[in-house]
Trainee: 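Here it is, the structure in full.
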Number of protein chains: 2
Amino acid sequence: MYVCTVKLEEAKAKFIEAWGTLGSQWGINRTMSQIHALLLVSPEALSTETIMEQLNISRGNANMNIRALMDWGLVNKELRPGDRKEYFKAGKDMWETARKIVAERRRREIAPVLDLLSQLNTDKISGDNQAELDAFKSGVKEISDFTGKANDLVEKFVKSDQNWFYKTLLKLVK
Amino acid sequence: MYVCTVKLEEAKAKFIEAWGTLGSQWGINRTMSQIHALLLVSPEALSTETIMEQLNISRGNANMNIRALMDWGLVNKELRPGDRKEYFKAGKDMWETARKIVAERRRREIAPVLDLLSQLNTDKISGDNQAELDAFKSGVKEISDFTGKANDLVEKFVKSDQNWFYKTLLKLVK
DNA sequence: CTTTATTTTCAGTAATTATTGAAAGTTTGA
DNA sequence: TCAAACTTTCAATAATTACTGAAAATAAAG
């Protein structure tokens with residue numbers, strides 16, 4: 001097995017790039033993921049200025065995405081006495097980070113669909129073609145049941161603590 | 001609680017719309033999700049023509065996304081004797097469907113990132129600033145460890161059968 | 001209150017991603 | 001071998017999404 005030596009800046013760039021790509025494939029703004037990645041591997045909180053120059057992005061872009069990261073609870077503001085600038089740092093606990101991301105996406109994106117599905121499940125659907133009606137109803141029911149169960153599981157994850165997750169869930173993997 | 005009566009076409013449109021929106025929020029082409037939704041609630045296999053007119057999309061768009069759905073293993077071609085057209089139907093088992101989606105996304109998107117992370121973990125990283133170096137290494141290690149565990153869990157899900165999933169995993173939810 | 005440092009907003013623009021439609025390709029049957 | 005029926009491709013275009021940069025807003029210091 002070969003062990004390579006690479007420059008820190010190069011390794012960091014690779015990591016940020018990969019994290020940004022991953023994010024954008026999953027519907028998260030590339031810049032947002034990249035800022036998050038940058039903060040995850042920085043020893044100290046960074047100012048907007050620093051983030052701007054490290055990632056070559058504009059002030060507006062930096063500001064909006066830092067704000068979004070704070071909305072998600074993934075990044076916190078840090079104020080320093082005698083300094084008017086704001087500094088930002090990412091929570092480094094990945095379990096907590098994942099928990100927050102999952103919770104937020106569930107709330108914003110999954111919950112509305114679950115609502116619609118249960119709505120469609122309770123509504124009386126009218127139509128002339130019986131085969132179509134039956135297929136629609138049973139299709140929606142199947143999806144609704146599965147999604148409901150998956151959602152319960154996700155909820156369990158979101159509400160559990162790290163200890164439970166690692167001990168109870170991961171022993172299933174063995 | 002009010003129970004409403006709605007027309008089938010209206011309910012179907014809502015469902016397709018919601019499924020398309022959900023998909024696009026998670027990095028899946030809207031049309032692809034919509035075709036999938038349409039097929040999920042159709043009693044029989046549909047031709048490209050039918051899909052085109054139901055969703056108001058062009059032939060090229062329909063063809064490319066049907067093909068993508070088949071690549072993902074979510075939709076199958078159905079040939080009818082004495083008919084040159086191809087018909088398409090979606091697998092209706094949601095557990096199987098979810099399993100395929102997760103497996104495919106893991107393969108395409110997660111696996112490369114895992115590779116990079118383990119690469120970064122084994123590489124010797126050089127740099128002058130010790131604090132930066134340490135933060136990078138420990139950050140990458142934390143992410144790598146977590147992601148590795150999550151990946152094991154996902155792998156378990158992907159390789160398990162439906163029975164295991166419902167019995168073993170869902171009793172945790174209780 | 002005024003000046004200065006900093007953050008926020010947002011209209012305009014750039015970049016990316018999705019869609020169309022027509023032409024090229026393929027398959028089938030006569 | 002040809003024509004008809006159908007599928008695939010892809011350059012052009014449309015639609016969406018992200019980013020910029022400068023002006024407006026805010027906050028702190030003098």
Side-chain angles (χ1 to χ4, degrees), chain A residues 16-39 45-72 75-89 105 108-109, chain B residues 16-39 45-72 75-89 105 108-109:
Chain A
I16 291 170
E17 166 72 18
W19 213 243
T21 302
L22 185 64
S24 69
Q25 283 166 334
W26 287 78
I28 287 156
N29 179 301
R30 173 189 246 72
T31 303
M32 183 168 154
S33 305
Q34 289 184 335
I35 295 175
H36 191 215
L38 175 64
L39 294 176
L46 304 181
S47 67
T48 304
E49 298 284 339
T50 310
I51 292 168
M52 283 165 62
E53 64 194 29
Q54 296 265 328
L55 301 179
N56 276 293
I57 57 174
S58 72
R59 183 173 300 282
N61 194 11
N63 182 274
M64 300 231 287
N65 286 109
I66 290 167
R67 167 136 305 238
L69 283 164
M70 289 196 297
D71 284 349
W72 284 64
V75 161
N76 290 102
K77 195 182 286 194
E78 190 181 280
L79 296 173
R80 294 176 184 177
D83 190 344
R84 279 160 76 165
K85 277 207 195 76
E86 296 175 333
Y87 295 81
F88 306 94
K89 62 173 197 290
R105 298 203 75 162
R108 296 185 193 197
E109 297 152 13
Chain B
I16 290 169
E17 166 72 18
W19 213 244
T21 302
L22 186 64
S24 69
Q25 283 165 334
W26 288 78
I28 286 154
N29 180 302
R30 173 188 247 73
T31 302
M32 183 168 154
S33 304
Q34 288 184 336
I35 295 175
H36 191 215
L38 174 65
L39 294 177
L46 305 182
S47 67
T48 304
E49 297 286 339
T50 310
I51 292 169
M52 283 167 60
E53 66 194 28
Q54 296 266 327
L55 301 179
N56 275 292
I57 57 176
S58 70
R59 183 173 300 284
N61 195 11
N63 182 273
M64 300 230 287
N65 285 297
I66 290 168
R67 180 136 304 272
L69 283 164
M70 289 197 295
D71 285 348
W72 284 64
V75 162
N76 290 102
K77 196 182 287 194
E78 190 180 279
L79 296 174
R80 296 176 183 176
D83 190 344
R84 277 161 77 165
K85 275 210 196 72
E86 296 175 334
Y87 294 81
F88 306 95
K89 63 172 197 290
R105 299 204 74 162
R108 296 185 192 196
E109 298 152 11

Trainee: A:T48: which residues meet the side chain to side chain donor-acceptor pair (under 3.5 Å) condition with it, sequence neighbours left out?
Mentor: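 So A:T48 forms no side chain to side chain donor-acceptor pair (under 3.5 Å) with any residue.
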Trainee: Taking DNA chain D as the partner, which of residues 79-87 of chain B come within under 4.0 angstrom of it by heavy atom?
Mentor: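 Here the set is B:R84, B:K85, B:E86.
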Trainee: Is the closest side-chain heavy-atom distance between B:H36 and B:W72 below 4.5 Å?
Mentor: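 Of all side-chain heavy-atom pairs linking B:W72 with B:H36, none is under 4.5 Å.
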Trainee: Side-chain contact test, heavy atoms from C-beta onward, threshold under 4.5 Å: evaluate it for B:I35 versus B:I57 and give yes or no.
Mentor: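 In short, these two side chains touch, coming nearer than 4.5 Å.
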Trainee: Looking at residues at least two apart in the chain, or sitting in another chain, which of them share a side chain to side chain donor-acceptor pair (under 3.5 Å) with B:S24?
Mentor: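 Here the qualifying residues are B:R30.
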Trainee: Which ranges of DNA chain C pair up as stems, where a stem means three or more consecutive Watson-Crick or G-U pairs with both distances under 3.5 Å?
Mentor: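 Stems found: C:1-30 with D:1-30.
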Trainee: Going by the rule salt bridge (charged side-chain N to carboxylate O under 4.0 Å, His left out), which residues pair with A:E53 if we only count those two or more places apart in sequence or in a different chain?
Mentor: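 Expected list: none.
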Trainee: Rounded to whole angstrom units, what separation is found between the CE atom of A:M52 and the C1' atom of D:dA22?
Mentor: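 About 12 Å, once rounded to whole Å.
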Trainee: With A:R108, which residues qualify under side chain to side chain donor-acceptor pair (under 3.5 Å), at least two apart?
Mentor: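 By the side chain to side chain donor-acceptor pair (under 3.5 Å) rule, A:R108 matches A:E104.
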Trainee: B:L39 versus B:I51: any side-chain heavy-atom pair under 4.5 Å?
Mentor: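 They are in contact (side-chain heavy atoms under 4.5 Å apart), so the answer is yes.
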Trainee: Could you list the donor-acceptor pairs under 3.5 angstrom formed by side chains in residues 63-70 of chain B, with sequence neighbours left out?
Mentor:
from: B:N65; atom 1: ND2; to: B:N61; atom 2: O; distance (Å): 3.0
from: B:N65; atom 1: ND2; to: B:N61; atom 2: OD1; distance (Å): 2.7

Trainee: Sequence neighbours excluded, which residues qualify as side chain to side chain donor-acceptor pair (under 3.5 Å) partners of A:K77?
Mentor: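 Here the qualifying residues are A:E86.
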Trainee: How would you list, by chain and number, every residue that makes a salt bridge (charged side-chain N to carboxylate O under 4.0 Å, His left out) with A:E17, sequence neighbours excluded?
Mentor: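 None.
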Trainee: Compare every heavy atom of A:A45 with every heavy atom of A:Y87, then report the nearest pair and how far apart it is.
Mentor: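 Of all heavy-atom pairs spanning A:Y87 and A:A45, the closest is CB-CB, 3.6 Å.
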Trainee: Of all nucleotides in DNA chain C that come within under 4.0 Å of a heavy atom of chain A, which is furthest toward the 5' end and which toward the 3' end?
Mentor: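 Contact span on the strand: C:dT4 to C:dT9.
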Trainee: Calculate the interatomic distance between B:N63 atom CG and D:dC10 atom P; express it in whole Å.
Mentor: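 In whole Å, D:dC10 P and B:N63 CG are 12 Å from each other.
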Trainee: Check nucleotides 15-21 of chain D against the protein and report each pair of N or O atoms closer than 3.5 Å, with its distance, or say if there are none.
Mentor:
from: D:dC19; atom 1: OP1; to: A:T31; atom 2: OG1; distance (Å): 2.5
from: D:dC19; atom 1: OP2; to: A:N29; atom 2: OD1; distance (Å): 3.4
from: D:dC19; atom 1: OP2; to: A:N29; atom 2: ND2; distance (Å): 3.3
from: D:dC19; atom 1: OP2; to: A:T31; atom 2: OG1; distance (Å): 3.0
from: D:dC19; atom 1: OP2; to: A:N61; atom 2: OD1; distance (Å): 3.3
from: D:dT20; atom 1: OP2; to: A:S58; atom 2: N; distance (Å): 2.7
from: D:dT20; atom 1: OP2; to: A:S58; atom 2: OG; distance (Å): 3.0
from: D:dT20; atom 1: OP2; to: A:N61; atom 2: ND2; distance (Å): 3.2

Trainee: Decide yes or no for A:R105 and A:I28: does some side-chain heavy atom of the first lie under 4.5 Å from some side-chain heavy atom of the second?
Mentor: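 Yes; the side chains approach each other to less than 4.5 Å.
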Trainee: Got a sec, which residues hit salt bridge (charged side-chain N to carboxylate O under 4.0 Å, His left out) with B:K89, two or more places apart in sequence or on another chain?
Mentor: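 In terms of salt bridge (charged side-chain N to carboxylate O under 4.0 Å, His left out), with neighbours along the sequence ignored, B:K89 is linked to B:E78.
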